[in-house]
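What follows is a set of notes on a single structure, which appears directly below.
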Amino acid sequence: MSLFLLRRVIGLVVTLAVASGIVFALMTVLPGDPAELMLGTDARADTLQALRHEMGLDRPLLAQYIGWVFGMMQGDFGVSHTYHVPVANLIVERLPLSLPLAFLSLGMALLLGIPGGVLAASQEGRFLDHYIRFKTQVLLALPNFWLAMLLVFVFAILWHGLPAGGFPGWGGGFAAVRALILPTVALALPQAALLARVMRQAVLETLEDTYVVAARARGLSRTAVLIRHALPNAFIPVLSIIGLQFSFLLAGTIIIENVFYLPGLGRLMLQAVNQRDLPVVTGIAMVLIASVITVSFVVDGLTRLMDPRLRGRP
Amino acid sequence: MMQRWWQAPGQWAGSMIIVGLVVLAGVSLLPWVVDPTVIKVADKLLPPSLQHGFGTDQLGRDVLGLVMRGAVASLSVAFVAVGIGAALGVPLGMLAAAREGWLNQAILRANDFIFAFPALVIAILLHGTIGAGMVNAMVAIGIFNVPVFTRMAFGRAQPIWTLDFIRASRLCGKGDLGIAVGHVLPLILGAVIVQITIQLGFAILAEAGLSYVGLGVTPPTPSWGRMLNEAQTLIGVAPRLALIPGAAIALAVLGFTLLGDALSGLVDPRRQVYRP
Amino acid sequence: MTLLALKAISLQLRDKTLLNGVDLSIQAGQVWGLIGASGSGKSLTARTILGLPPKGALVTGSIELKGTALLTLDERAWCTIRGRDIGVVFQDSAAAFNPLMTVGDHVAEPLRWHLGVSQARARQLALDALARAEFPASIDVFARFPHELSGGQRQRAMIAAAIALSPKLLLADEPTTALDVTTQAALLGLFRTLADDEGMAVLLISHDVPAVAMVADHIALMVSGKIVEHAATNTIAPALAPRLADLFARSRPRPAGRLGETGDIVLTAKHLSYAYRRKMAVHDLSFMLRRGECLGIVGQSGSGKSTLARMVAGLIKPSTGSIEEGHATKQIQMVFQDPMGAFNPRWTLGRSIAEPLRRLTGKAVDERVVEALIEVGLDPTFAARYPHEVSGGQAQRAAIARAIIAKPDVLVLDEPVSALDVAIRGQILDLLDTLKSRHGLAMLFITHDLGVARSIANHVIVMQNGVIVEEGPASDVLAAPTHPYTQALVAASPSLYLRS
C-alpha cells in the first residue's frame with residue numbers, strides 16, 4: 001500500500017508539473033505584452049521597461065516558469081492587473097462560494113442519481129424504468145444554464161419565491177442558502193440524470209454476473225442479493241465516473257455562476273478572461289486543474305479500498 | 001437488422017430530429033432566404049406572427065431565422081470537433097491497444113491527463129491564443145473529445161488483440177498495421193459510430209455553453225448559446241427569446257443521444273458505450 | 001425413497017422449447033451423472049430444479065423434493081429451500097464468487113441467512129463446512145478474497161458453502177471442468193464421499209464422460225432438452241443403453257498413435273527459456289521435431305506448455321535459446337483451443353481460411369479453399385458461412401483447413417480438442433492423424449489430457465513448472481511413468497481408465 005501511495009503521489013506531482021507547464025506555455029505564447037496591457041499603448045518606454053523588470057518578464061522563460069511555480073507553492077499567484085491585489089486573495093475570497101456550490105450539487109446529484117438508477121434497474125422493463133430512462137434522457141439534453149434560466153423564470157419571476165441571482169454572503173444566513181438553491185438544482189439535475197443512467201447500467205450488468213445467481217442459489221432473496229452483492233460491485237465503476245464528472249461539475253459551476261451573478265471563482269475567471277487579466281486566469285485555471293487531479297487521486301484510492309483485487313497491485 | 005431499425009422508436013425520433021435539423025440549417029443558408037442577422041430596431045420584440053413565426057428579438061431580428069441559422073453554427077462546430085476527436089483518438093486508442101509497455105502507458109497517461117481539463121477550461125486557456133470564435137470552440141471541444149475516443153477505442157480494441165484469430169493472422173505473415181486495419185478496425189467501427197453520434201450531442205451542448213459565456217461563436221454569427229445569453233436579461237419581458245433557442249439545443253442533443261442509444265443496441269446489445 | 005422427482009419438465013423461452021419433458025428421479029445417497037453435449041439443456045435442468053430459470057422462461061411439469069412440490073412455491077418459500085435443502089456448485093469458480101467479499105464470508109452467508117445465527121457462530125460453522133469439503137485448514141478464509149485462492153481451493157470453498165446446511169440435494173454444474181486432472185480427481189472423490197457418508201443426493205452435470213463414470217452410480221444422457229437414456233453406471237451395455245454405450249466407447253482411449261515414416265528434422269529447439277514478469281514460464285527446454293512425427297507436450301495449467309507452443313510458432317520470442325528450422329522448413333501454422341475465438345466473427349470462414357494464401361488472388365484462392373475444406377471433411381459451401389453459423393467441431397475443422405491450406409511443414413496444436421464434445425474429439429484426432437501421414441506434417445501437440453496424448457502422440461514430453469520432468473515414446477511414458485509427477489497425472493486421468 002505504501003509503495004502504491006508513493007507511486008501515486010509522484011504521479012500526482014508529475015501531472016501537476018506538466019499541467020502547469022502547459023498553462024504557462026499557453027500564456028507565454030500569447031500575443032501582446034502584459035506590461036503594455038497594464039499600462040496602455042501610450043505608456044513611456046522606460047516605464048514599460050521598469051514594469052517588465054518588476055514583473056520578471058525580462059528573465060529567461062525557464063526562470064520565469066520556475067519562479068511562477070515556486071510562487072504558487074508558497075501561495076503567491078501574482079497580482080491581478082485589474083484589481084491590483086494578490087490573485088491568491090481573490091481566490092480565497094471566492095472559494096467559500098464556489099466550493100460549497102460544487103459539493104452541494106455533487107451531493108444532490110448523488111442523492112437523486114444513485115437511488116434513481118438502482119430503482120430503474122430493479123424495475124427493469126417496467127413502467128418506472130421507462131419513466132426514469134425517459135426523464136434522464138431529456139434532462140441530459142438540457143444545457144444546465146438554460147435549465148437555470150427556466151428555474152429563474154418559474155421560481156423567481158413568476159412565483160417570486162426564490163432570488164433570481166446574487167449572493168448576500170454567508171453572513172446573510174438563510175438568505176445565503178436560499179440564493180444557492182436554484183444554482184445547486186440547475187447544476188445537479190443533469191449530473192443526477194447521468195449518474196442514474198450509469199448506475200442503472202452497472203447494476204443491470206452485475207445482476208447478470210454468476211455470483212449473483214450463486215448468491216440466490218444460497219437462498220438469498222432478490223433484495224438481499226441486490227443490496228449485499230450487486231450494489232457494492234456496481235458502485236465501483238460508478239465511483240470512477242463520479243471522479244470524472246467532477247471536472248464537468250467545475251466547468252458547470254463556472255457557467256452557472258454567470259447565470260446567477262454569483263461572485264464565485266467562475267465568474268471571476270470569465271471576467272478576467274474578458275479583461276485579459278492573465279495572472280487571475282492562470283491562477284484559477286491552476287486551482288481548477290489541481291482540484292480535478294486531486295479528486296481523481298482520491299477516487300483512485302477509494303476504488304482501491306473498495307476492491308480487494310486492486311489492493312495487492314503496486 | 002433492418003426490421004429492428006424500424007421497430008426502435010428512439011431511432012426513428014432521433015433520425016427525424018437530426019434530418020429536420022440539417023434541412024433547416026441548409027434552408028437558412030439558401031441565398032433567397034431573408035438574412036436573419038439584419039438588425040431592424042424598429043421591429044424589435046414583435047410577438048410571433050405570420051411574417052415572423054417566432055417573433056423578433058430586441059434588435060428586430062427574426063427569431064425563427066436566427067434559430068435556423070444557429071443550427072449551422074452548432075452543427076458545424078459539433079461535426080468538426082467530434083471529427084478532430086475521432087480522427088486523433090481512435091488511432092491513438094488502437095495504437096495503445098496494439099502495443100504493451102511504455103507506448104501504451106504513455107498514451108493512456110496522457111489521455112487521463114487531458115481528460116482532467118473540461119472543454120470550458122481548455123477554451124479559456126486557448127482563448128488568449130486563438131481568440132473567441134468558432135475555431136476556438138472547435139479546437140477546445142475537439143481536444144476534449146480526443147481522450148473520449150482514445151479510451152473507447154482502447155477499451156474495445158484491447159480484448160480483440162488477445163484473441164486467437166489475431167495470432168492466426170500473424171502466422172499468415174500480417175504485421176500490426178495489417179491486423180489493425182484488417183481485423184480490429186472493422187470490429188470496433190460500429191462502436192465508434194455510436195460514440196460519434198453521442199459525442200455530437202454533447203458537443204452541441206458544449207458549444208452552446210461556450211457561446212453563452214462568450215468564448216465560442218461571436219456576433220454577428222447567430223448561435224443558440226449567444227441567443228440565450230442575450231435573452232437572459234429579457235426573460236421577464238419576452239420569455240420566448242430564452243425558451244426557443246434552449247428548446248432547439250435540447251431537441252438537437254436529444255436527437256443525437258436517442259439515435260446513439262438506439263444504434264448502440266444494434267451494434268452490441270449488452271455493452272453500452274462510455275458516456276462522459 | 002425418492003428424494004427428487006422431475007416429471008415431464010418442459011421449458012420454453014421465446015417460442016423455443018429448451019427442455020422437452022425431462023423425467024428424472026434420484027434417491028438419497030446416490031450420485032447421478034447428467035451428461036450431454038453443450039446446449040443439450042443440462043445446466044438449464046439444474047437451474048429449473050433450483051427455481052432460477054432464465055428470465056421469461058415458461059416451465060411446466062412437476063418437481064418434487066422429498067414430497068414437496070417445488071414449482072408451485074412462491075418466492076419466499078423458494079428462499080428457504082435454496083441453500084438449505086438444495087446446495088449448488090457452479091462451474092466457473094472465478095465468476096461465482098463476489099470479488100469484494102472474503103471467501104469465508106461466502107461460506108458463512110447461507111448459515112447466517114437461514115439459521116439467523118450471530119456472525120461469530122456462523123463463522124465457526126463455516127469452518128466446519130470447509131473442513132468437510134477438505135479445504136486446507138491453514139488458509140485464513142476470513143482474510144482471503146476469491147482472487148487470492150487457486151481454482152481448486154475456490155471450488156472446495158464453493159462446495160463448503162453448498163453443503164454448509166447439509167442439504168439433501170447437491171447440484172454440481174460442471175464443477176471440475178476448469179481444473180487440473182489431479183484436482184479434478186480429488187473433487188470427484190469428495191462428491192462420492194458426501195453421498196456415501198452424509199447421504200446426500202448429488203446431481204453431477206458434466207460433458208466429461210470418463211470423469212462422471214468415475215463417481216456416478218447412475219448416468220443419464222441428455223439430448224436436445226430430453227433425457228434419452230439412463231442406466232446404472234456398471235450396467236451400461238449396447239443392448240440396454242446403446243447411445244450411452246456408444247459414448248463410453250468413444251471416450252475410451254483410442255489405439256495409441258502409430259509412428260509412420262519419419263523424415264528429416266524440421267525443427268530443433270535448443271535451450272529455450274521464456275521469462276515473463278521475472279518468472280520463468282519455460283526453462284531450458286530442448287527437443288527435435290521430425291517430418292511425420294507428432295510430439296505431445298503434456299502438463300497441467302501453468303506448466304508452460306502454451307508458452308512453448310507460441311514460441312515454436314514464432315508468436316513470441318524466447319528469452320534465451322533458439323529455435324532452428326530445418327533447411328526445407330518454410331512455414332509453421334497453428335490450431336487453437338477455442339475454435340470460435342480463432343475466427344474473426346465478421347469474416348466468412350472462406351475468407352479466414354484463405355488468409356495464409358497471401359500471394360494468390362481470385363479463382364486460385366477459391367479453388368484452394370474448396371480443396372482444403374474437402375480435405376478436412378467439410379462441404380465446400382462452408383466457405384460462405386460465418387463462424388456463429390457452424391458447430392464447434394465444424395469450426396475446428398475449418399481452423400485446421402486454414403492451418404494446412406498453405407502447406408506448412410510444422411503444425412502447432414494448442415489443446416485442439418479440449419473445447420469439443422467427446423463425440424467429436426475422436427473424429428478430429430483421426431483427421432489430424434490422417435493429415436500427418438498424408439502430408440508428412442510434423443506436429444507439436446499440446447494437451448492436458450493424457451488419453452488424448454496417448455492416442456495421437458508418438459513421443460511425449462511431460463512438463464511441470466516450465467521444465468521437462470519426463471520424456472520418451474508415448475506408449476512407454478504413459479504406460480509406465482517413472483517420475484512421480486507423471487505418475488500422479490496418470491493416476492488421476494479418468495480417460496485412461498474408463499471401465500470397459
Side-chain angles (χ1 to χ4, degrees), chain B residues 1-4 7-8 90 94 97-105 152-153 155-195 263-271 273, chain C residues 276-277 306-307 309-317 330-349 351-360 365 386-387 395-396 398-416 418-419 446:
Chain B
M1 206 168 181
M2 279 319 278
Q3 205 188 353
R4 285 178 62 186
Q7 282 171 351
V90 173
M94 287 178 60
R99 294 292 162 89
E100 284 185 358
W102 68 269
L103 188 61
N104 158 310
Q105 284 301 311
M152 179 253 136
R156 289 287 177 149
Q158 200 199 23
I160 296 175
W161 278 97
T162 63
L163 294 175
D164 282 338
F165 66 80
I166 301 291
R167 295 202 178 92
S169 198
R170 272 195 208 290
L171 290 175
C172 300
K174 279 200 183 155
D176 280 352
L177 188 65
I179 292 173
V181 174
H183 284 289
V184 182
L185 186 60
L187 285 173
I188 69 168
L189 202 59
V192 171
I193 291 170
V194 172
Q195 191 81 54
L263 285 180
S264 83
L266 285 184
V267 169
D268 184 349
R270 201 184 128 79
R271 281 184 59 186
V273 285
Chain C
Y276 182 70
R277 290 194 179 147
S306 282
T307 308
R310 285 176 197 172
M311 274 195 285
V312 171
L315 288 171
I316 50 177
K317 283 201 176 63
K330 294 186 303 287
Q331 208 186 28
I332 299 176
Q333 280 291 346
M334 194 162 171
V335 176
F336 303 91
Q337 172 168 3
D338 173 20
M340 292 305 173
F343 288 100
N344 184 331
R346 297 275 177 86
W347 284 21
T348 60
L349 291 177
R351 186 174 172 198
S352 286
I353 291 170
E355 207 180 4
L357 302 172
R358 304 193 67 204
R359 300 228 173 80
L360 297 179
V365 173
Y386 286 92
Q396 198 60 304
I400 295 171
R402 172 176 55 193
I404 61 165
I405 195 168
K407 314 231 179 293
D409 308 281
V410 181
L411 204 53
V412 176
L413 302 129
D414 191 359
E415 301 268 10
S418 304
I446 313 286

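Please read all numbers here as calculations on a predicted model, not as lab measurements. So you know, we letter chains A, B, ... as the sequences are listed, proteins then strands, and number each from 1.
- In terms of heavy-atom proximity, B:Phe165 sits nearest to C:Pro345 at CE2-CD, 3.8 Å.
- With values rounded to the nearest 0.5 angstrom, C:Asp338 atom CG is found 9.0 Å from B:Leu163 atom CG.
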Given side-chain contact (heavy atoms from CB on, under 4.5 Å), test C:Arg346 with B:His183 step by step and report yes or no. CA-CA 9 Å; C:Arg346 297 275 177 86; B:His183 284 289; over 6 Å; no
Could you go through B:Leu171 and C:Ile332, starting from their C-alpha distance and side-chain angles, then the distance that decides it, and tell me whether this counts as side-chain contact (heavy atoms from CB on, under 4.5 Å)? CA-CA 7 Å; B:Leu171 290 175; C:Ile332 299 176; 5.5 Å; no
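- The CZ atom of B:Arg167 sits 8.5 Å away from the CD1 atom of C:Ile316 when rounded to the nearest 0.5 Å.
- You'll find the side chain of C:Asn344 stays beyond 4.5 Å of the side chain of B:Ser169, heavy atoms only.
- For the set C:Arg358, C:Arg402, C:Met334, the count of heavy-atom pairs under 4.5 angstrom toward chain B peaks at C:Arg358.
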